[in-house]
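Every number for a ligand or one of its atoms is a count from 1 in the order of the listing. The figures here come from the full heavy-atom set of this structure, side chains too, leaving out hydrogens, waters and symmetry mates.
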Amino acid sequence: MTDIRHRIEELRSELNRHNHKYYVENAPEISDYDFDQLMRELQELEKAHPEFEDPNSPTVRVGSDLTQAFKSATHRFPMLSLSNTYSLEELYEFMARIEKEVGDVEYVCELKFDGTAISLSYENGALVRAVTRGDGVRGDEVTANVRTIRSVPLKLQGEGWPALFEIRGEILMPYATFERLNREREEQGENLFANPRNAAAGTLKQQSSAVVARRGLDCTLYQMAGENLPFSSHWENLQRAREWGFKVSDQMQICHSKQEVAAFISRWDEARKELPFPTDGVVIKVNRYADQRALGFTAKAPKWAVAYKFKAEQALSELLSVDFQVGRTGAITPVANLEPVHLAGTTVRRASLHNAEQISQLDLRIHDRVYVEKGGEIIPKVVGVELSMRPATSEPFRYIDHCPICQTPLVRYEGEAKHYCPNSLNCRPQILGRIIHFIGRKAMDIEGLGEETVELLYDQGLIKSAADLYDLRAEQLSGLPRLGEKSAENIIRSIKGSLEVPFPRVLFALGIRFVGETTAKYLASHFRTLDRVMGASREELVEAEEVGEKIADAILEYFADERNRALIERLRQAGIRTEAEEQRLASEQLKGLQIVISGSFERHSRDELKALIEAHGGKNLAAVSGNADYLLAGAKMGPAKLKKAEQLGVKIISEAEFEAMIGGEIQNPQSAIQHLESELDKPADSEDRKTSEENEIPVQGRLF
Ligand code: IVH
């Protein structure tokens with residue numbers, strides 16, 4: 001071995017050891033400075049000697065700026081979910097059922113970590129693959145991103161690991177990191193993450209692993225999967241995994257009785273408040289694999305484990321005042337200003353109050369002590385009042401009857417809980433809100449033009465509506481505060497670039513009430529052109545998927561307003577897209593062929609297969625008939641169908657044969673689907689979907 005190679009390996013192993021000391025054991029041996037020196041030396045050597053490259057070198061921890069399309073990968077063992085309960089009674093019933101079936105049983109109680117699940121594969125002691133849960137059968141391969149997480153061992157220490165195994169756990173974002181990240185995002189005018197779970201999941205799906213590296217994720221492992229595990233129980237294997245370098249929770253305990261389980265739960269329901277990362281319950285698992293096997297699985301979850309979920313944490317704080325925000329539709333949202341209070345890992349200063357109804361139902365008064373609770377939203381909500389602590393002098397709260405911004409009398413529409421400011425034309429937050437919605441990432445995606453710049457342009461009299469954006473010239477912008485020549489040009493370029501945004505997003509950008517991203521997609525694919533949407537009657541509108549009467553009325557109302565029609569006319573003049581694109585086919589391999597899908601498949605869901613058939617020019621048939629050319633047969637297909645196909649002479653093909661027909665194995669069926677179906681949403685069948693960046697919520701709590 002050359003000296004250089006030797007030094008490289010020495011540095012890698014030293015750095016791996018220090019990483020583990022620092023990130024897993026919390027017991028660093030050397031200073032950050034010394035660590036950085038070693039890292040730098042390794043980076044330089046690797047740069048000078050690319051022949052010694054190793055995907056598991058500790059230098060990958062810093063990530064790369066290269067973007068990556070995530071391939072989907074099938075889990076060797078499905079990633080199931082857990083059945084859960086909020087009640088001790090139910091938990092005891094669960095334990096009684098188990099004990100009835102397998103007799104004396106050993107349980108392991110552990111925390112339920114509130115992040116995003118990951119499955120790590122190791123081959124000969126090296127990390128080879130990291131896959132998200134996805135739909136449980138297949139997930140996204142996010143290996144490059146996971147390699148940047150310092151507590152994930154890239155090479156295992158010690159000995160005795162199986163040549164091939166998977167270990168599963170949770171990727172977490174500590175509260176402190178989450179708060180820092182959201183603070184930075186708020187400063188940049190970017191969307192905030194609703195909670196650490198969404199932030200962890202969103203981060204994991206980042207295109208650039210360098211961004212992931214900076215986000216400070218952590219990973220705790222809680223389950224081993226594989227054939228040749230060293231021990232025959234969950235507990236023993238996890239303790240062993242800790243010796244190999246994995247971060248395995250210390251907060252685990254073997255329990256034999258419901259008393260012990262209950263004690264573990266009640267201890268952690270309190271103690272978890274001191275943990276630096278979010279947890280939302282306790283998982284109770286049967287320890288011995290033999291017992292687990294005897295108990296088996298349901299379709300979704302193992303019968304040998306259950307999650308006991310903690311009730312949402314509450315905090316008590318004083319209501320100092322109430323602000324009223326005016327949204328882009330004129331809706332008024334009351335927001336409570338609170339005496340700062342610590343709740344579920346973060347400091348809470350504001351809480352949402354929903355509407356006047358809620359305030360009067362709670363009989364909420366200024367200076368009341370109120371209970372706040374965190375749901376899935378960014379802003380916690382006020383859920384109750386501690387009447388016993390009400391000051392004697394307090395008076396009922398008087399809701400506003402005029403817009404706090406433009407003083408117009410507020411109105412209430414039938415069936416709506418909120419008050420509205422009807423002055424949509426001249427009320428500043430409504431105008432700004434509409435423009436900000438218009439330029440948003442999921443709408444016209446005009447980069448470089450954040451909320452603050454929009455406010456600035458409005459205050460300078462340069463824009464009054466979204467249509468004015470298209471008349472802006474760089475020289476009008478470059479003299480403004482905080483805007484140099486370069487950023488002015490960038491803004492103009494991205495405004496022009498937005499003319500390429502596809503029609504469904506244009507429709508969403510208009511900001512019609514109740515027409516969210518998905519509804520806009522359905523409308524666009526149903527009507528194809530803006531003219532047809534505008535001309536549609538109520539009856540015609542409700543024919544589009546997802547469009548009910550409420551949405552139809554909002555659409556009619558929007559287009560009935562001549563100011564909106566004038567805005568659209570100007571946008572048209574500017575050149576925005578008002579027609580849906582023709583669907584482009586991925587290929588014509590299946591042109592003219594009619595295919596029936598039946599059974600379940602290994603590599604694709606049925607929806608994916610359907611989309612693939614269409615993407616390649618074929619047609620889906622619901623049932624086997626004489627018209628069918630092929631029956632795409634999966635596992636568990638009914639024998640009657642098979643027989644019918646044989647009788648009718650319909651050719652029967654497997655998933656692999658189908659893949660061959662459309663041009664070889666498809667690495668990422670989603671990309672093919674998105675290619676075709678950019679206008680339709682993915683079915684909401686995967687857990688990842690709920691937690692991806694889609695769930696970022698726009699900055700709230702701002703008053704214009
Ligand atoms: S075991 C087959 N243990 O909870 C059981 N899961 O609701 C596999 N989770 O997708 C999971 N903490 O993301 C297990 N200590 C723990 C856990 C845990 C959090 C998550 C996991 C899973 C979800 C199920």
Side-chain angles (χ1 to χ4, degrees), residues 75-86 90-91 94 98 107-120 130-140 142 146 151 165-174 195-201 204-205 217-226 229 233-235 237-239 241-242 246-255 261 264-265 268-269 272 275 277-289 291-293 295-310 376 685-692:
H75 296 296
R76 285 209 308 137
F77 313 91
M79 282 182 87
L80 300 174
S81 56
L82 289 171
S83 36
N84 62 44
T85 175
Y86 286 87
E90 273 182 25
L91 175 60
F94 164 84
I98 284 182
Y107 298 101
V108 176
C109 287
E110 48 198 76
L111 291 171
K112 186 169 189 313
F113 302 99
D114 196 9
T116 185
I118 194 79
S119 183
L120 309 175
V131 183
T132 64
R133 180 172 182 277
D135 61 7
V137 177
R138 284 194 340 272
D140 281 328
V142 290
V146 168
S151 49
F165 72 97
E166 284 185 33
I167 187 161
R168 289 167 177 183
E170 203 83 350
I171 304 234
L172 295 166
M173 183 174 285
N195 51 46
R197 178 181 2 102
N198 285 359
L204 210 54
K205 297 285 186 68
L217 295 176
D218 202 347
C219 179
T220 294
L221 285 313
Y222 49 62
Q223 194 192 16
M224 294 266 282
L229 304 181
S233 77
H234 170 65
W235 174 274
N237 279 327
L238 279 190
Q239 303 314 314
R242 186 186 284 126
F246 292 105
K247 189 163 190 168
V248 171
S249 172
D250 291 324
Q251 291 106 12
M252 284 171 67
Q253 186 185 318
I254 295 192
C255 295
V261 170
F264 183 91
I265 290 175
W268 280 106
D269 198 0
R272 73 190 182 109
L275 292 173
F277 48 79
T279 54
D280 60 346
V282 164
V283 184
I284 298 102
K285 299 177 184 168
V286 167
N287 187 24
R288 285 186 287 262
Y289 291 154
D291 292 342
Q292 291 188 0
R293 275 194 296 275
L295 290 158
F297 299 87
T298 68
K300 282 200 187 132
K303 291 193 198 162
W304 43 261
V306 70
Y308 173 88
K309 302 265 284 226
F310 295 132
D685 60 354
S686 75
E687 207 164 83
D688 284 346
R689 198 183 139 70
K690 282 187 278 165
T691 51
S692 75

Asks: Return the minimal non-hydrogen interatomic distance between T279 and R272, and the atom names on each side.
Replies: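 Answer, listing the atom of T279 first, then R272: O-NH1, 2.8 Å.
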Asks: Measure the shortest side-chain to side-chain distance between V282 and F310 over non-hydrogen atoms and say whether it is less than 4.5 angstrom.
Replies: yes
Asks: What do you reckon, does A307 put a non-hydrogen atom under 4.0 Å from ligand 1?
Replies: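 Contact absent.
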Asks: Kindly give the heavy-atom pair with the smallest separation between S151 and D218, and that separation in Å.
Replies: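 Shortest heavy-atom separation between S151 and D218 comes out as OG-OD1, 2.5 Å.
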Asks: Checking the N or O distance criterion of under 3.5 Å, is ligand 1 in contact with S81?
Replies: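 In fact, backbone or side chain, S81 has no N or O that close.
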Asks: Check for me whether L111 has a heavy atom closer than 4.0 Å to any atom of ligand 1.
Replies: yes
Asks: Applying side chain to side chain contact (heavy atoms under 4.5 Å, CB included), can you list everything that pairs with P302, at least two apart in sequence or on another chain?
Replies: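 If we apply the side chain to side chain contact (heavy atoms under 4.5 Å, CB included) test to P302, skipping adjacent residues, the hits are L80, L82, F297, W304, A305.
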Asks: List the atom of L172, the atom of P278, and the distance in Å for their closest heavy-atom pair.
Replies: CD2-O, 4.2 Å
Asks: List ligand 1 atoms under 4.0 Å from E110, heavy atoms only on the residue side.
Replies: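 Answer, ordered by atom number: 3 (N), 15 (N), 16 (C).
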Asks: Under 4.0 angstrom from ligand 1, any heavy atom of K285?
Replies: yes
Asks: Indicate yes or no: does an N/O atom of F113 lie under 3.5 Å from an N/O atom of ligand 1?
Replies: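 So ligand 1 has an N or O lying under 3.5 Å from an N or O of F113.
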Asks: Kindly write out the residues that satisfy side chain to side chain contact (heavy atoms under 4.5 Å, CB included) with E166, not counting sequence neighbours, or none if the list is empty.
Replies: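 R76, F77, S119, S121, R129, R168, A225.
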Asks: Just to be sure I read this right, does ligand 1 sit under 4.0 Å from the backbone of Q223, its side chain, both, or neither, counting only heavy atoms?
Replies: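 The answer is the side chain of Q223.
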Asks: Below 4.0 Å, non-hydrogen atoms only: which portion of L82 touches ligand 1? Side chain, backbone, both or neither.
Replies: both
Asks: Can you tell me how the ring of F264 sits relative to the ring of W268, calling it parallel under 30°, perpendicular over 60° and tilted otherwise?
Replies: tilted
Asks: Answer side chain, backbone, both or neither: which part of Y222 comes under 4.0 Å from ligand 1, heavy atoms only.
Replies: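 Near ligand 1, Y222 shows its side chain, while the N, CA, C and O stay back.
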